[in-house]
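To start, the structure itself, in structure tokens.
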Amino acid sequence: MALKANTVTPTKKIIVHSVSDPLPRAHYQRCPQCDTLFMLPVMKSHQSAYCPQCEAKIRDGRDWSLTRLGAMAIAMLLLMPFAWSEPLLRVYLLGIRIDANVLQGIWQMKEMGDPITAAMVLFCTVGAPLVLVCAIAYLWLGNVLGMNLRPVLLMLDKLKEWVMLDIYLVGIGVAAIKVQDYAFIQPGIGLLAFICLMLLSILTLIHLNIEQLWERFYPTRPATRAHDNLRVCLGCHFTGLPDERGRCPRCHIPLRLRRRHSLQKCWAALIASLIFLLPANLLPISIIYLNGGRQEDTIFSGIMSLASSNIAVAAVVFVASILVPFTKVIVLLTLLISIHFKWAYGLRLRINLLRMVIWIGRWSMLDLFVISLTMSLINRDQLLAFTMGPAAFYFGAAVILTILAVEWLDSRLLWDAHESGNARFDDGSAN
Ligand SMILES: [Zn+2]
Ligand SMILES: [Zn+2]
């Protein structure tokens, strides 16, 4: 159930809560995305609130208790060894059975001489889910033992988009269709465990309400009076005045008016990813050795050959590997230029574009997952082998850099530029 926050006064209806479920009183809050100051009324625990200016989600009504999250974490931990080391796919290639699992694919990448690309795949498929489980366990244990939970809560907020099990599952499907041309393919036992792990991780991420965990572990008096100096913390989304050391009173990271060096960092990551995208698309990303011959494929030619057998899968890979990275770079470039030149128009469209690239950005990793799996499936040494080309590293680096560029861009700068652009426009029309 959605509730729109009131900009001026709190709602007249005061909702009474039981003592066991303490919720904050009506208080002032700044939107972390557009910096609008508004009054957030007293809310029920299942209600969500959206910013009155930019419609960013300020408060999420979905919330699971730490016990339930802990149960999910244990279930995920039990599934992990099976999901990662049991065969996901099984092929019969030239009379020999070959199994492929997550770790084997990553190992194969490392063996082929590209440990950095292997590390990227390892982090998104194994590292991030493992960190998620460990972080929940730490919260549960730390809560009992009274340890400092702040670093873990801050980290969990950033971790969400790096858990890419759902993308890997699509990668398994694409790899299976790709391999069909060469060999007879069957699903393995690990696939079931992997699907369960993916579903549990998605459920956990949806119901892991970090905002409410902050409120539960570190209850801090919210601002009850409107004040111009109120600042919103980008780490824990608390709105308040900085303490004597200029830090957020709740999570203790520096409470700044705007993210420091946001534009410089975003430009740097964007330019670097643009440079990496060139070799990523021009150099071969996969090499197939067939009967002594060597056939190289770039991202685009790989999609073209896939299109001849299955047009739908080719379209998925095209969107993930070509359309998404380039759209992301173009959108970020437009946003940065609009901030520099203080554009006063199209703000709503730009905000929506930014949200879209945040949402779709991680799907670009799909191609690397497909390559990692295919490499361990098609491997019969001299007779038939599939390896990755030099483009894989550049591609992975470009994808990660664009994710970081979005992360570093302070969206409030768009609103600042819009405001000063409007002021300039007003001056011009007055004269
Ligand atoms: Zn807003
Ligand atoms: Zn904070």
Side-chain angles (χ1 to χ4, degrees), residues 2-8 24 27-41 43 47-61 135 139 142 148-160 208-223 226-260 262 335 338-339 346-359 406-420 422:
L3 184 78
K4 204 146 187 178
N6 200 332
T7 22
V8 207
H27 63 272
Y28 280 93
Q29 172 102 34
R30 267 192 199 280
C31 168
Q33 286 189 24
C34 71
D35 217 26
T36 309
L37 185 66
F38 54 86
M39 168 66 93
L40 197 67
M43 291 166 59
Q47 282 179 318
S48 299
Y50 296 88
C51 167
Q53 173 88 282
C54 73
E55 279 157 26
K57 199 171 223 175
I58 299 297
R59 221 190 133 84
D60 200 325
L139 285 182
N148 183 11
L149 307 175
R150 289 187 180 94
V152 175
L153 286 170
L154 285 171
M155 187 266 307
L156 265 178
D157 198 33
K158 304 260 179 284
L159 187 73
K160 284 189 170 183
L208 181 68
N209 193 333
I210 297 166
E211 174 70 32
Q212 297 202 9
L213 287 177
W214 274 113
E215 275 165 18
R216 198 175 309 156
F217 295 138
Y218 296 101
T220 313
R221 243 176 77 90
H227 200 294
D228 272 348
N229 291 343
L230 286 176
R231 289 180 186 178
V232 61
C233 168
L234 288 187
C236 71
H237 295 178
F238 176 75
T239 300
L241 297 168
D243 65 6
E244 66 280 4
R245 285 160 68 187
R247 303 177 310 172
C248 165
R250 189 157 78 178
C251 70
H252 296 176
I253 64 168
L255 193 55
R256 299 185 208 283
L257 201 56
R258 294 292 177 265
R259 198 186 277 275
R260 202 154 61 151
S262 165
L335 293 180
S338 82
I339 292 173
L347 178 68
R348 188 69 53 184
L349 176 70
R350 278 179 281 146
I351 296 291
N352 286 336
L353 280 174
L354 178 62
R355 286 185 189 155
M356 185 194 73
V357 294
I358 292 174
W359 186 67
V406 173
E407 165 70 30
W408 286 332
L409 179 67
D410 191 335
S411 64
R412 292 174 295 183
L413 293 171
L414 283 169
W415 293 86
D416 292 348
H418 174 77
E419 233 162 68
S420 56
N422 264 343

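Residue numbers start at 1 and run along the sequence shown. Counting starts at 1 for both ligands and their atoms, following the listed order.
- Around the Zn ion (ligand 2), the protein atoms of type N, O or S found under 2.8 Å away are C233 SG, C236 SG, C248 SG, C251 SG, listed by chain and number.
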Please walk me through it: do E215 and R59 pass salt bridge (Lys or Arg N to Asp or Glu O under 4.0 Å)? CA-CA 12 Å; E215 275 165 18; R59 221 190 133 84; 3.0 Å; yes
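- E211 and C236 get closest at one heavy-atom pair: OE1-O, 3.5 Å.
- Going from atom SG of C31 over to atom CD1 of I58 covers 4.0 Å, rounded to the nearest 0.5 Å.
- With sequence neighbours left out, R247 forms a salt bridge (charged side-chain N to carboxylate O under 4.0 Å, His left out) with D243.
- Around the Zn ion (ligand 1), the protein atoms of type N, O or S found under 2.8 Å away are C31 SG, C34 SG, C51 SG, C54 SG, listed by chain and number.
- Evaluation of the side chain to side chain donor-acceptor pair (under 3.5 Å) rule for H252 yields no partner, not counting sequence neighbours.
- S48 places a side-chain N or O within donor-acceptor distance of the main-chain N or O of G61, the cut-off being under 3.5 Å.
- Using a cutoff of 4.0 Å between basic side-chain nitrogens and carboxylate oxygens, K160 and E407 are not scored as salt-bridged.
- A donor-acceptor contact under 3.5 angstrom links the side chains of R355 and Q33, judged on distance only.
- Distance alone, capped at 3.5 Å, is enough to place a donor-acceptor pair between the S262 side chain and the W408 backbone.
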